[in-house]
Trainee: 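One structure follows; several queries about it will come next.
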Number of protein chains: 2
Amino acid sequence: MLKEQIKSLPHECDDCPIRHRAVCARCDADDLERLEEIKYYRSFQAGQTVIWSGDKMDFVGSVVSGIATLTQTMEDGRTQMVGLLLPSDFVGRPGREGSAYDVVATTDLMMCCFRKKPFEEMMETTPHVAQRLLEMTLDELDAAREWMLVLGRKTAREKIASLLSIIGRRDASLNLRGTKGPLVFDLPLTREAMADYLGLTLETVSRQMSALKRDGVITLEGKRNVTIPDFGRLMDEAGDDSDGGMFA
Amino acid sequence: MLKEQIKSLPHECDDCPIRHRAVCARCDADDLERLEEIKYYRSFQAGQTVIWSGDKMDFVGSVVSGIATLTQTMEDGRTQMVGLLLPSDFVGRPGREGSAYDVVATTDLMMCCFRKKPFEEMMETTPHVAQRLLEMTLDELDAAREWMLVLGRKTAREKIASLLSIIGRRDASLNLRGTKGPLVFDLPLTREAMADYLGLTLETVSRQMSALKRDGVITLEGKRNVTIPDFGRLMDEAGDDSDGGMFA
DNA sequence: CGGACGGTTGAATCACGTCAAATGCGGTGG
DNA sequence: CCACCGCATTTGACGTGATTCAACCGTCCG
């Protein structure tokens with residue numbers, strides 16, 4: 001798992017796994033050529049901090065593979081996750097010096113970075129990048145707002161079910177599987193990270209996971225491998241409309 | 001208060017109160033001319049619903065005056081506010097048919113609306129609008145994330161203090177007053193709306209307001225008029241760094 | 001006057017947090 | 001191979017902050 005980094009040699013954009021979803025999704029060949037000039041790859045090990053809140057950022061970029069978290073921390077140590085960065089998600093904000101959040105690699109992580117200054121210039125001149133970034137930011141805003149409902153109004157059990165359904169759905173859409181039949185995936189988060197995501201303590205997370213298992217909503221193989229026998233059931237537990245909002 | 005609507009006759013953009021903050025902030029004379037052609041004004045009374053979640057939206061627009069809320073509701077009636085729309089804030093999402101949220105006028109409200117189709121076309125052709133919208137959306141995303149920390153990790157008392165400091169600060173910046181000396185403003189929200197904002201019950205809101213009053217953090221004149229004798233003290237109660245992040 | 005509405009307050013309950021101890025597992029070294 | 005450690009996780013007992021349910025108040029308005 002340590003030497004995975006070796007295969008992290010620079011890709012060509014053409015065969016980049018996030019080519020069609022990332023901030024560069026709408027770029028044409030010319031745009032890509034310009035991007036190639038200002039881009040570079042960086043890899044991080046699981047647990048490593050990508051940026052500290054308040055630190056100066058001289059790049060922006062996309063998650064190519066792996067998972068990272070965006071967290072905010074209060075002086076007394078209480079922390080809340082405010083973003084979960086999956087492949088194709090964008091990191092950093094054009095037009096701002098420092099990072100507003102801690103960014104931490106949860107798994108081994110590969111990032112495609114762009115030097116910030118030239119990237120900002122490119123945003124002014126080529127519309128494709130800015131358009132796509134707007135679209136992605138609007139999506140993130142919607143996700144953040146859904147998350148606010150979870151944090152503000154759902155019970156612990158509903159929160160867990162919501163998280164599992166989000167990850168399960170996202171995983172299914174990545175792997176092009178439908179939501180019929182049992183859904184199996186690895187939970188890429190520790191109990192503590194789940195707690196930070198949901199505004200709970202890790203003990204409560206653990207208890208509710210056990211409860212969902214006991215009640216047959218989920219099955220666990222080891223601590224991290226989750227299977228969902230009935231996705232509709234999980235949606236009910238999450239308190240969500242179980243209408244067909246799949247593949248959003 | 002009913003006949004306020006009468007003075008709501010169409011403005012010229014030139015003397016629009018939100019000219020320099022709204023989505024049109026960066027537009028030049030030519031851009032404005034194009035906008036004028038697709039814009040119209042709509043007014044709403046306090047309590048009126050601007051759009052229901054799921055309804056088709058044939059416009060986007062800016063809040064010119066008054067306050068509106070963005071809320072999400074679960075089937076069983078639990079509701080969470082996910083946005084507080086103050087003058088200059090943008091409503092609606094280009095490239096989407098329906099509204100994802102309920103939008104409700106909290107006070108009497110004036111909106112500057114643009115027909116959606118032509119607005120979307122304009123976004124493609126004139127960069128100023130899209131650039132400004134991206135900037136505003138990124139700001140909203142930051143606000144949503146700060147709010148997530150409030151919802152997930154703060155106590156009831158801290159939540160109330162956070163809300164008061166947000167409204168107080170915003171009010172001070174609108175009226176060009178500093179945060180030195182006592183700060184006085186009208187609370188534009190009912191206890192219930194505050195509860196929906198903070199993920200609390202209205203009883204808890206009421207109790208904590210009383211507690212903050214009892215402890216001298218705030219003073220109330222009637223139910224709605226708040227004065228903050230010491231803003232730093234309020235920030236402490238909110239659990240925020242009381243550093244000088246003013247006028248962001 | 002009476003009813004609607006927003007707000008306050010009290011008492012009882014409960015969901016979740018806190019504190020503490022136990023379990024299980026992979027890794028490391030003897 | 002086994003003893004030992006570190007770490008994530010589970011589980012239990014207990015405390016508490018926020019919700020729930022309910023009574024009550026003041027103001028506005030027909």
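Throughout, a chain's letter reflects where its sequence line sits, starting with A, and its residues are numbered from 1.
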Trainee: Do A/E203 side-chain and C/dC16 base share a donor-acceptor contact under 3.5 Å?
Mentor: no

Trainee: Compare side-chain N and O positions of A/R224 against OP1 and OP2 of D/dT9 and report whether any pair is under 4.0 Å apart.
Mentor: yes

Trainee: Does a donor on one side chain and an acceptor on the other come within less than 3.5 Å for B/K154 and B/S162?
Mentor: yes

Trainee: How many Å lie between CG on B/L202 and C1' on C/dG7, as a whole number?
Mentor: 8 Å

Trainee: Here's one to test your reading of the geometry: is the NZ or CZ of A/R224 within 45 degrees of the ring axis of A/F185 and under 6.0 Å from its centre?
Mentor: no

Trainee: With a 4.0 Å cut-off on heavy atoms, is A/L200 in touch with a base, just the backbone sugar-phosphate, or nothing at all?
Mentor: sugar-phosphate

Trainee: Whole-Å distance between C/dT8 P and B/L212 CG?
Mentor: 12 Å

Trainee: Specify the separation, in whole Å, of atom CE of A/M209 and atom P of D/dT9.
Mentor: 9 Å

Trainee: Could you tell me whether the side chain of A/L109 reaches within less than 4.5 Å of the side chain of A/I67, counting heavy atoms only?
Mentor: no

Trainee: Report yes if a side-chain nitrogen or oxygen of B/S210 is closer than 4.0 Å to either non-bridging phosphate oxygen (OP1 or OP2) of C/dT9; otherwise report no.
Mentor: yes

Trainee: Select base, sugar-phosphate, or nothing to describe what B/G199 touches, counting heavy atoms under 4.0 Å on all strands.
Mentor: sugar-phosphate

Trainee: In whole Å, I'd like the distance from the CZ atom of B/R153 to the P atom of C/dC16.
Mentor: 13 Å

Trainee: Checking B/D89 side chain against B/V63 main chain: does a donor-acceptor pair fall under 3.5 Å?
Mentor: no

Trainee: As a test of reading the structure: which of D/dA18, C/dT9, D/dT10 is closest to the side chain of B/T155, going by heavy atoms?
Mentor: D/dA18

Trainee: May I have the distance from B/D186 (atom CG) to C/dG6 (atom P), rounded to whole angstrom?
Mentor: 17 Å

Trainee: Which part of the nucleic acid, if any, lies within reach of A/T190 when heavy atoms closer than 4.0 Å are counted: base, sugar-phosphate only, or nothing?
Mentor: sugar-phosphate

Trainee: Give a yes/no on whether any side-chain N or O of B/R191 is located under 4.0 angstrom from OP1 or OP2 of C/dT8.
Mentor: yes

Trainee: What is the distance, to the nearest angstrom, from the CZ atom on A/R214 to the P atom on D/dT10?
Mentor: 13 Å

Trainee: For the residue pair B/Y197 and B/W147, does the interplanar ring angle fall in the parallel (under 30°), tilted (30 to 60°) or perpendicular (over 60°) class?
Mentor: parallel

Trainee: To the nearest Å, how far apart are B/Q208 CD and C/dT9 C1'?
Mentor: 13 Å

Trainee: Let me know the distance between CD of B/E221 and P of D/dT27, rounded to the nearest Å.
Mentor: 14 Å

Trainee: I want to confirm an ordering. Mapping B/K213 and A/K223 to their closest nucleotides on DNA chain C, which one lands closer to the 5' end?
Mentor: B/K213

Trainee: Do B/R207 and D/dG17 share a donor-acceptor pair, side chain to base, under 3.5 Å?
Mentor: no

Trainee: Give a yes/no answer on whether the side chain of A/T204 brings an N or O atom under 4.0 Å of OP1 or OP2 in C/dG17.
Mentor: yes

